[in-house]
Each structure stands twice: as structure tokens, then as C-alpha cells.
Amino acid sequence: MDLNLRSVRQEYTKRGLSRNQIPDNPFLLFEQWLGQAISQEVNEPTAMLVGTVSPEGHPSTRTVLLKEVVDQKFVFYTNYLSRKGKHIAENPAISLSFVWHELERQVHIEGFAKPLSPTISDEYYHSRPYKSQIGARISPQSQPIPSRFKLMREFVKESAKWMGREIERPNNWGGYEVEPIRIEFWQGRPSRLHDRFLYEKEANNSWKINRLAP
Ligand SMILES: Cc1cc2nc3c(=O)[nH]c(=O)nc-3n(C[C@H](O)[C@H](O)[C@H](O)COP(=O)(O)O)c2cc1C
């Protein structure tokens, strides 16, 4: 099957980004942009594409929800034995990409991921809905499974087991914090002459800022 999508195109005209709107600290701009994505009802504003690299050097991405930004680190939760979890265990290099189409904006982050402490993962795990806590216990994320029926049977069995008790977080489920070394803000502009600003972390913990060609 061939597809010709050459005429599917759109001009980006909503707003611009200039050097005098750029704070020294990229987290301030990230907070502002994420806040606008939430208040302007972008669909899934906290969804980000998480990129990891396999031991063989193959990149892969999947969508994950950002849950917190703490101490200048981006936090998400997942299964440590999933495909991404195995990649991170071998190579903590990671990328996070937010695309807010409604705002004609994207943010690309590169850095290194580290598992969160069990105490912090416990705290978040127990804040999740009951059924999500059960789901995290019974789903061998990224592994082949025989059927949906088998998954549902495990779910029902596990739910009955924990009835009326606090559910234990499984050791293979928890959070990662991502410490960024590079953050790029992209604002779509007419004629593909977009605004791009790149922050790169310097040795003294300050950020070098450059405008990039679109
Ligand atoms: C909108 C959206 C949000 C998601 N949020 C998460 C999440 O927070 N954690 C997670 O482990 N998977 C999440 N997923 C599922 C992942 O995209 C992915 O299927 C799963 O983590 C397994 O990825 P892996 O096999 O590459 O490790 C989400 C998917 C979508 C579409």
C-alpha cells in the first residue's frame, strides 16, 4: 500500500518565542508551558514519549505520563522489568518528548534516568486507584501473554487476595527520576521558520542557551 500525504500540511501561526521570553532556568519555562497545556485543555497534557536505547543500540519510544517534577527532575512510573525498564538498567540515557499540537509546541528533554527510592514509589503506588494497584501487580508488562482471559482471571484472583487490606507494591513496579542535561523548546511559526531554544547544562549547574535554526 502506498500513501501520498504531501498535501496534508498546516501553517503554525498561533504565537512566537523570543529570547526575552526565555528565563535562565528552563524549568520555569517548562512549568509555564505545561500549565498552559493543562489550562487550555490539551488532550493528555502530561503524556510524553519516552525514548530508551537497547543494549544493541536500537532506540525505541513509548508514551508515559509525567507524574511530577521534583528538584529539577522529571518523574514517571512504570514496570522495572518492562522493555524500557530493561533498557534503562543497561543504559540510563533517556529522552522525554512532549508534543502539544493544540499549542503548536514541543519540548524535547535528554538526560539520565535513575530509579526512585522505594519509599517514594510506595507513596505514589498507594495513591493510585485500587484497580490500578492490582493491575500493576498482575501485568508482566511487555511480556507475551496467552490471552486477555488469563489476564482478567489473574486480576480477579489478585483483587480477592487483597480485599480489605493495603496492597503491597511489587518490587518490579516504581518510579524513575530523569535528570536533564539538554532541554529544547520549540514553537511552530509560519513558513516553517519555527522558534527553537536549546538549554544545555553547564559544569557549574547553570544553563547555556542558544537559538537553533528551525
Ligand atoms: C496516554 C498513555 C499513557 C501511558 N502512561 C503510561 C505510564 O505512565 N506508565 C507506563 O508504564 N506505561 C504507560 N503507557 C503505556 C506505554 O506506552 C507502554 O505501552 C508500556 O509502558 C510498555 O512499554 P515498553 O514495552 O516499551 O516498556 C501509556 C500509554 C499511553 C497511550
Side-chain angles (χ1 to χ4, degrees), residues 30-31 33-71 73-152 154-155 158-159 167-180 183:
F30 180 81
E31 192 186 336
W33 278 26
L34 180 60
Q36 288 168 352
I38 294 168
S39 66
Q40 294 181 36
E41 299 185 8
V42 164
N43 194 22
E44 292 288 31
T46 63
M48 55 187 184
L49 264 190
V50 174
T52 56
V53 186
S54 75
E56 297 76 35
H58 293 289
S60 62
T61 59
R62 72 290 291 157
T63 309
V64 167
L65 299 179
L66 176 73
K67 284 294 158 189
E68 254 170 333
V69 183
V70 184
D71 290 341
K73 294 182 191 79
F74 298 89
V75 170
F76 68 90
Y77 288 85
T78 192
N79 187 312
Y80 291 139
L81 300 178
S82 64
R83 185 159 182 243
K84 74 182 95 47
K86 288 179 178 165
H87 288 180
I88 295 168
E90 293 283 325
N91 180 353
I94 196 161
S95 67
L96 312 174
S97 288
F98 295 84
V99 189
W100 297 306
H101 291 289
E102 294 89 333
L103 304 180
E104 301 173 346
R105 283 175 173 168
Q106 59 178 352
V107 177
H108 296 304
I109 296 163
E110 290 174 31
F112 296 95
K114 206 170 83 180
L116 287 176
S117 76
T119 316
I120 299 177
S121 289
D122 279 344
E123 198 187 308
Y124 174 66
Y125 181 80
H126 290 122
S127 76
R128 301 176 80 216
Y130 180 87
K131 288 181 179 174
S132 307
Q133 293 185 48
I134 296 288
R137 286 191 64 87
I138 57 103
S139 169
Q141 194 177 56
S142 316
Q143 299 301 316
I145 51 170
S147 64
R148 182 163 187 91
F149 176 76
K150 177 104 189 309
L151 187 71
M152 295 313 292
E154 291 300 317
F155 182 82
E158 196 68 11
S159 302
I167 307 165
E168 258 172 49
R169 176 182 61 86
N171 288 333
N172 63 327
W173 193 97
Y176 288 102
E177 55 180 23
V178 174
E179 184 165 0
I183 307 184

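This one's a predicted model, so the numbers in the text were calculated from it and none came from an experiment. What you see below is based on every heavy atom in this structure, not just the backbone, and it leaves out hydrogens, waters and symmetry mates. Read the numbers this way: they start at 1 and go in the same order the structure lists the ligands and their atoms.
Among all non-hydrogen protein atoms, the one lying nearest atom 6 (C) of ligand 1 is Val64 CA, 3.7 Å. The nearest heavy-atom contact from the protein to atom 25 (O) of ligand 1 is Ser142 OG, 2.6 Å. Of all protein heavy atoms, the one lying nearest to atom 22 (C) of ligand 1 is Lys84 NZ, 3.5 Å. Considering only non-hydrogen protein atoms, atom 11 (O) of ligand 1 sits nearest to Thr78 OG1, 2.6 Å. Closest to atom 9 (N) of ligand 1, if we only count protein heavy atoms, is Tyr77 O, 2.9 Å. Looking only at heavy atoms of the protein, atom 17 (O) of ligand 1 is closest to Thr63 O, 2.6 Å. In terms of protein heavy atoms, atom 12 (N) of ligand 1 is closest to Gln141 NE2, 3.9 Å. From the protein, the heavy atom lying nearest to atom 26 (O) of ligand 1 is Arg62 NE, 2.6 Å.
Relative ring orientation between Tyr124 and Trp173 is described as parallel, the plane-to-plane angle staying below 30° on a 0-90° scale split at 30° and 60°. Taking the six-membered ring for Trp and thresholds of 30 and 60 degrees, Phe74 and Phe98 have ring planes inclined between 30 and 60 degrees apart.
Just one residue in the list Glu110, His108, Gln106 forms a side-chain hydrogen bond (donor to acceptor under 3.5 Å, both in side chains) with Ser97, and that residue is His108. A side-chain hydrogen bond (donor to acceptor under 3.5 Å, both in side chains) with Thr52 holds for exactly one of Arg62, Arg83, Lys86; it is Arg62.
Across all non-hydrogen atoms, the minimal contact from Trp100 to Pro45 is NE1-O, 2.8 Å.
For ligand 1, none of its N or O atoms has an N or O atom of Glu44 under 3.5 Å away. Geometrically, ligand 1 and Leu65 share a nitrogen or oxygen pair separated by less than 3.5 Å.
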